[in-house]
There are 2 protein chains.
Amino acid sequence: MKLTEAEWQIMKALWEKHPATAREIMERLPAGVKWAYTTIKTMLTRLVDKQVVSEAKQGNTSVYDPLISQRKARLSAFRSLLETAFDGAMGPLVHFLVEEEQLTPKQKRELARLVEDQAKGETK
Amino acid sequence: MKLTEAEWQIMKALWEKHPATAREIMERLPAGVKWAYTTIKTMLTRLVDKQVVSEAKQGNTSVYDPLISQRKARLSAFRSLLETAFDGAMGPLVHFLVEEEQLTPKQKRELARLVEDQAKGETK
DNA sequence: AGAATGCTACTACGGCTGTAGAAGGAGTAG
DNA sequence: CTACTCCTTCTACAGCCGTAGTAGCATTCT
């Protein structure tokens with residue numbers, strides 16, 4: 001399921017600690033983000049509609065839980081980028097990553113190490 | 001500048017060969033994509049408004065050119081993903097990439113090689 | 001000249017997004 | 001009982017996106 005930019009904000013707050021009420025989510029949003037309470041409610045409702053979040057009543061208050069993991073959401077966002085911007089192939093992305101100064105030397109070394117570790121584990 | 005999914009299709013066709021007319025772009029779209037000619041014109045107009053494409057008259061026909069490179073568009077899309085889905089940090093993304101089976105063994109080796117090459121060139 | 005073709009500019013329209021206000025029920029402090 | 005506070009649901013609205021139709025002007029075939 002595709003999340004919008006604003007929805008990611010909500011979801012991040014929710015993944016961080018859940019279940020959570022709308023108010024708790026509001027408090028956990030990044031400092032810069034100042035949405036009205038009802039804005040958050042609206043987005044939560046939409047997320048529930050999208051089946052990305054579940055809603056349960058606790059007294060008169062709704063309590064929300066993520067229905068998809070951050071991992072899954074990331075995967076989906078990543079795939080989408082790959083698809084639209086890199087012809088769906090890792091090749092161009094890898095190339096881009098390495099070429100575009102996207103990595104600090106440290107990250108490059110870390111990446112190299114991680115990749116090597118993984119590569120080693122595989123049958124050729 | 002942020003491109004939408006549909007705009008990426010147009011842009012890809014345009015990067016492939018340009019300058020190009022709307023009709024040429026139409027012909028160069030992936031087989032699956034069947035947009036009306038005017039749809040393409042509309043999107044081109046919007047891209048011109050967004051200053052992502054330039055338009056020049058050749059007789060009574062418009063000829064379009066990309067104003068941003070594919071590299072730059074990719075960079076921007078990539079940054080946006082990084083920002084919204086990976087907390088703006090390469091660390092989580094790298095981790096994700098290596099963990100999530102996003103790479104075939106071959107790609108991992110290639111990535112490792114590329115990364116090493118780059119890492120070598122740098123002052124530690 | 002008349003008809004067909006091709007291009008342009010303008011208009012449209014439903015759905016999604018960001019952002020919220022308003023109204024109303026319920027618990028709580030006085 | 002009354003006022004305040006908090007939560008909920010409904011409604012709104014502008015802007016962007018996907019997708020195109022229509023009308024009008026120029027060129028070209030017959």
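Quick note: numbers below take in every heavy atom, side chains included, and nothing from hydrogens, waters or symmetry partners. Here is the naming used below: chain letters follow the sequence lines, and residue numbers restart at 1 for every chain.
When each of B:Lys50, B:Lys12, B:Lys2 is tested with B:Glu7 by the rule salt bridge (charged side-chain N to carboxylate O under 4.0 Å, His left out), just one qualifies, namely B:Lys50.
A continuous path of ILVMFWY side-chain contacts below 4.5 Å connects A:Met1 to A:Val48, so both sit in one hydrophobic cluster. No continuous path of ILVMFWY side-chain contacts below 4.5 Å connects B:Ile25 to B:Leu67, so the two sit in separate hydrophobic clusters. Residues B:Leu44 and B:Val63 are members of separate hydrophobic clusters, defined by side-chain heavy-atom contacts under 4.5 angstrom among Ile, Leu, Val, Met, Phe, Trp and Tyr.
Between the side chain of B:Ser76 and the backbone N or O of B:Lys72 there is no donor-acceptor pair closer than 3.5 Å. Without hydrogens or angle criteria, B:Glu24 side chain to B:Thr21 main chain gives a donor-acceptor distance under 3.5 Å. Looking only at distances, no side-chain donor or acceptor of A:Arg74 sits under 3.5 Å from a matching main-chain atom of B:Phe86.
In terms of heavy atoms, B:Leu82 sits closest to B:Ala89 at CD1-O, 3.6 Å. Minimum heavy-atom separation, B:Ala6 to B:Met43: CB-SD, 3.6 Å. Taking every heavy atom of both residues into account, A:Leu14 and A:Val53 meet most closely at CD2-CG2, 3.7 Å.
Contact annotation: A:Lys41 side-chain N/O to D:dT8 OP1/OP2 distance is under 4.0 Å. Of the side-chain N and O atoms in A:Tyr37, one or more sit less than 4.0 angstrom from OP1 or OP2 of D:dT8.
Nearest-nucleotide positions on DNA chain C for A:Met43 and B:Thr21 put B:Thr21 closer to the 5' end.
Side-chain atoms of B:Thr84 and A:Glu5 include no donor-acceptor pair closer than 3.5 Å.
Rounded to whole angstrom, the span from the CE atom of B:Met1 across to the C1' atom of D:dC17 amounts to 16 Å. B:Ile40 has its CD1 atom 17 Å from the C1' atom of C:dA9, to the nearest Å. Atoms CG (B:Leu44) and C1' (D:dT19) sit 14 Å apart, rounded to a whole Å.
Contacts between residues 3-20 of chain A and DNA chain C, defined by a heavy-atom separation below 4.0 Å, involve A:Thr4, A:Glu5, A:Ala6, listed by number. Listed by residue number, A:Lys57, A:Asn60, A:Thr61, A:Ser62 are the residues of residues 56-65 of chain A with a heavy-atom contact under 4.0 Å to DNA chain D.
Nucleic acid contact for A:Lys2: none, since no nucleic acid atom lies under 4.0 Å from a heavy atom of the residue.
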Expected rows: protein N/O vs nucleotides 20-24 of chain C N/O, under 3.5 Å:
| residue | atom | partner | partner atom | Å |
| --- | --- | --- | --- | --- |
| C:dA20 | OP2 | A:Ala36 | N | 3.3 |
| C:dA20 | O5' | A:Thr39 | OG1 | 3.4 |
| C:dA20 | N7 | A:Thr42 | OG1 | 3.4 |
| C:dA20 | N6 | A:Thr42 | OG1 | 2.6 |
| C:dG21 | N7 | A:Thr38 | OG1 | 3.2 |

